[in-house]
Structures are given as C-alpha cells and as structure tokens.
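Quick notes on the structure that follows.
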Amino acid sequence: MRLATWNVNSVKARLPRLLEWLAATGPDVLCLQELKVSAGQFPHEEITALGYEAAVHGDGRWNGVAVLSRVGLADVRTGFDGDPGFPDEAAQETRAVSATCGGLRVWSVYVPNGRTPDDPHYAYKLLWLARLTEALEREPAPLAVCGDFNVAPADDDVWDPAVFAGSTHVTKPERDALAALRERRGLHDIVPRPLKGDRPFTYWDYRAGMFHQNKGMRIDLVYATEPVPSRVTDAYVDREARKGKGPSDHAPIVVDIDL
DNA sequence: ATGTCATCCAGCGGATGA
C-alpha cells in the first residue's frame with residue numbers, strides 16, 4: 001500500500017497540481033489537510049475520474065480534511081467524540097476525518113496552529129491533542145494517523161531551534177502532548193527520508209526564500225501502529241511538489257507499506 | 001525570517017489566518 005499525506009493549502013487553488021501529483025505518484029490512500037472548502041464544494045468529479053473515493057469534512061474558508069482512497073473507503077467518520085471546538089465546545093472545526101481503507105484505519109488530522117503560547121488558541125491546541133489522544137485509544141488496529149500536527153517533535157525538526165525558542169510548534173507542552181498521543185495508542189513515528197538535505201522537512205514558509213535555503217520544519221507526520229512501521233519499505237518527503245509555480249507551503253509525505 | 005499566499009466580504013483592497 002502506498003499511503004500519503006499532504007497539506008495542500010486550498011484544494012481549489014491546488015487542484016491542477018493535486019491531480020497531476022495523484023496521477024504521477026499513485027498513492028492508494030491520500031490524507032489531505034487545509035482544503036479550505038465546504039464538503040459540497042470539494043472537487044469530487046475530478047478526484048473520482050482518477051479512481052478515488054473521497055471522505056471529506058469541510059465547512060468553508062478555513063481548515064477542512066479528507067481521506068482519498070482507491071482501495072475502499074468504509075466506516076467514514078467526520079470529527080470525533082470529545083472534539084473540543086473553539087471558542088467553545090459547540091464550535092467544532094473540521095480538523096479530523098477517518099475511514100477504513102484496505103484493512104487500515106486511517107485518520108487525516110489538521111491540528112490547531114496555536115498561534116502563540118499566550119494565545120487562547122494555544123490552550124485549544126493542547127486540549128484538542130488531548131481529546132484526539134482519547135479518541136484514538138478507542139480506534140481499531142492497524143491504525144495510521146496522518147496530517148499536519150503543527151508540532152515539530154524535536155529540535156532537529158526545525159531549521160534553527162534558536163529562531164523558534166519560546167514560540168509555538170516547539171514548546172515542551174506541545175511535544176509532551178504529541179508523545180502522550182504516540183505512547184497511549186502505541187503509535188510509531190514513520191520518519192521519511194528527505195530527497196535533498198539531511199533533514200526531512202515538510203513545511204517551508206512562503207516568505208523570504210525559505211524553501212530555496214531549506215529553512216523548513218517537520219510538522220507533517222505519519223504515525224502508525226504495528227505492524228505498519230515494521231513493514232515500511234520506503235518513506236520520503238516529495239519536495240518536488242514544493243517547487244515551481246503555485247505550490248502549497250507543505251510537501252507531501254509518501255509511505256510504502258508491504259501489508 | 002516576517003520578503004507570501006488564499007480567502008472573504010465587499011466590491012479591486014483590507015482583514016484574517018497561516
């Protein structure tokens with residue numbers, strides 16, 4: 001199985017590149033984040049034409065996630081029990097969707113950004129991760145949780161730790177929340193190889209030539225329970241998809257698994 | 001690093017979020 005995840009930063013703006021990438025790369029399952037469309041506006045026709053079914057959770061301008069599959073799409077669930085919402089429980093955002101694809105339970109998640117550690121969105125981010133952890137404990141195996149976690153798990157996962165000192169994505173509470181999520185459900189971090197450079201960054205800010213200088217971050221992650229990690233035959237960040245005209249600011253991760 | 005991008009609402013630019 002070829003499993004992939006990609007924050008496309010608007011499925012509408014990225015559609016030509018997404019379709020081209022799907023045809024060229026041929027993932028069996030693709031998790032998408034930051035669709036920025038309602039479920040009704042999702043380009044189902046174009047995706048279906050390439051042989052994929054899509055489970056979509058989106059409500060408009062922000063967020064939005066999907067699971068695309070060409071190996072079956074069953075037991076689709078949008079959101080999860082305990083999703084805290086912001087600014088209150090009732091204002092749930094479209095940040096998680098899950099489905100069973102070819103025997104694998106797959107989640108596509110878009111963790112809240114957090115903005116700054118003193119912002120209410122930061123507390124929301126930590127609560128959201130805690131509630132996600134609880135929801136994942138109720139999920140069957142084998143399980144893969146893929147997406148934009150908006151946390152760099154270690155200092156090596158940012159281009160210069162000094163630049164990020166004290167800012168969101170690298171704080172201890174965020175990293176602890178991520179570690180708890182992994183440990184409580186037995187999830188393993190499937191670290192992809194970079195196609196260039198020594199570290200598998202997945203995100204580079206649009207500004208200041210950050211991609212060109214490889215000043216990136218590893219904030220998109222693929223977590224999976226055994227036996228998936230021990231059956232990975234290859235995993236890489238497709239930095240080619242970050243190049244050229246009109247890219248997302250994130251690159252896809254591609255994982256090949258001999259299930 | 002704060003150099004861009006996408007979106008919305010209102011209307012061709014500013015606010016918002018990342």
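Chain letters run A, B, ... following the sequence lines, proteins first and then strands; every chain starts at 1. Computation of the quantities below employed the complete heavy-atom set of this structure, encompassing side-chain atoms and omitting hydrogens, waters and symmetry-equivalent molecules.
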Hey, what do you get for OG1 (A/T94) to OH (A/Y110), rounding to the nearest 0.5 Å? 10.0 Å
Closest heavy-atom contact between [X] and [Y]?
X	Y	value
A/R138	A/D81	NH2-O, 3.3 Å
A/G114	A/D119	O-CB, 3.9 Å
A/L221	A/T5	O-CG2, 4.3 Å
A/P227	A/S230	O-OG, 3.1 Å

[X] [atom1] - [N] [atom2] separation (whole Å):
X	N	atom1	atom2	value
A/Q41	B/dT7	CD	C1'	11 Å
A/M217	B/dA18	CE	C1'	12 Å
A/D205	B/dC5	CG	C1'	10 Å
A/K215	B/dT4	NZ	P	15 Å
A/E34	B/dT4	CD	C1'	14 Å
A/N7	B/dA6	CG	P	12 Å
A/K245	B/dC5	NZ	P	9 Å
A/F201	B/dA1	CZ	C1'	14 Å

Hey, which of these two, A/G246 or A/D249, hits DNA chain B nearer its 5' end, going by closest nucleotide? A/G246
Nearest-nucleotide wise, let me know which of A/H250 and A/V163 is further upstream toward the 5' end of DNA chain B. A/V163
B/dC5 phosphate, OP1 or OP2: any side-chain N/O from A/S10 under 4.0 angstrom? no
Can you see if the side chain of A/R207 gets near the phosphate of B/dA18 - specifically, an N or O under 4.0 Å from OP1 or OP2? no
Show the distances under 3.5 angstrom between N or O atoms of the protein and N or O atoms of nucleotides 14-17 of chain B.
from   : atom 1 : to     : atom 2 : distance (Å)
B/dG17 : O5'    : A/R115 : NH2    : 3.2

Taking the [atom1] atom in each of [N] and [M], what is the distance between them to the nearest angstrom?
N	M	atom1	answer
B/dG17	B/dT2	C1'	14 Å
B/dC5	B/dA10	P	26 Å
B/dT16	B/dG11	P	15 Å
B/dG3	B/dC8	P	24 Å

Among B/dT7, B/dA1, B/dC5, which is the nearest nucleotide to the side chain of A/Y206? B/dC5
Compile the donor-acceptor pairs under 3.5 Å between side chains in residues 142-158 of chain A and protein atoms, sequence neighbours left out, one pair per line.
from   : atom 1 : to     : atom 2 : distance (Å)
A/D148 : OD1    : A/N150 : N      : 3.0
A/D148 : OD2    : A/N7   : ND2    : 3.0
A/N150 : OD1    : A/H169 : NE2    : 2.9
A/N150 : ND2    : A/V111 : O      : 2.8
A/D155 : OD1    : A/R175 : NH1    : 3.0
A/D155 : OD1    : A/R175 : NH2    : 3.3
A/D157 : OD1    : A/R218 : NE     : 3.0
A/D157 : OD2    : A/A154 : N      : 2.9

For residues 50-66 of chain A, which side-chain donor-acceptor pairs fall under 3.5 Å, sequence neighbours excluded?
from  : atom 1 : to    : atom 2 : distance (Å)
A/Y52 : OH     : A/P27 : O      : 2.5
A/N63 : OD1    : A/R95 : NH2    : 3.1

Would a line drawn from the ring center of A/W6 to the ring center of A/W21 be shorter than 6.0 Å? yes
Base, sugar-phosphate, or nothing: which does A/Y203 touch, judged by heavy atoms less than 4.0 Å apart? nothing
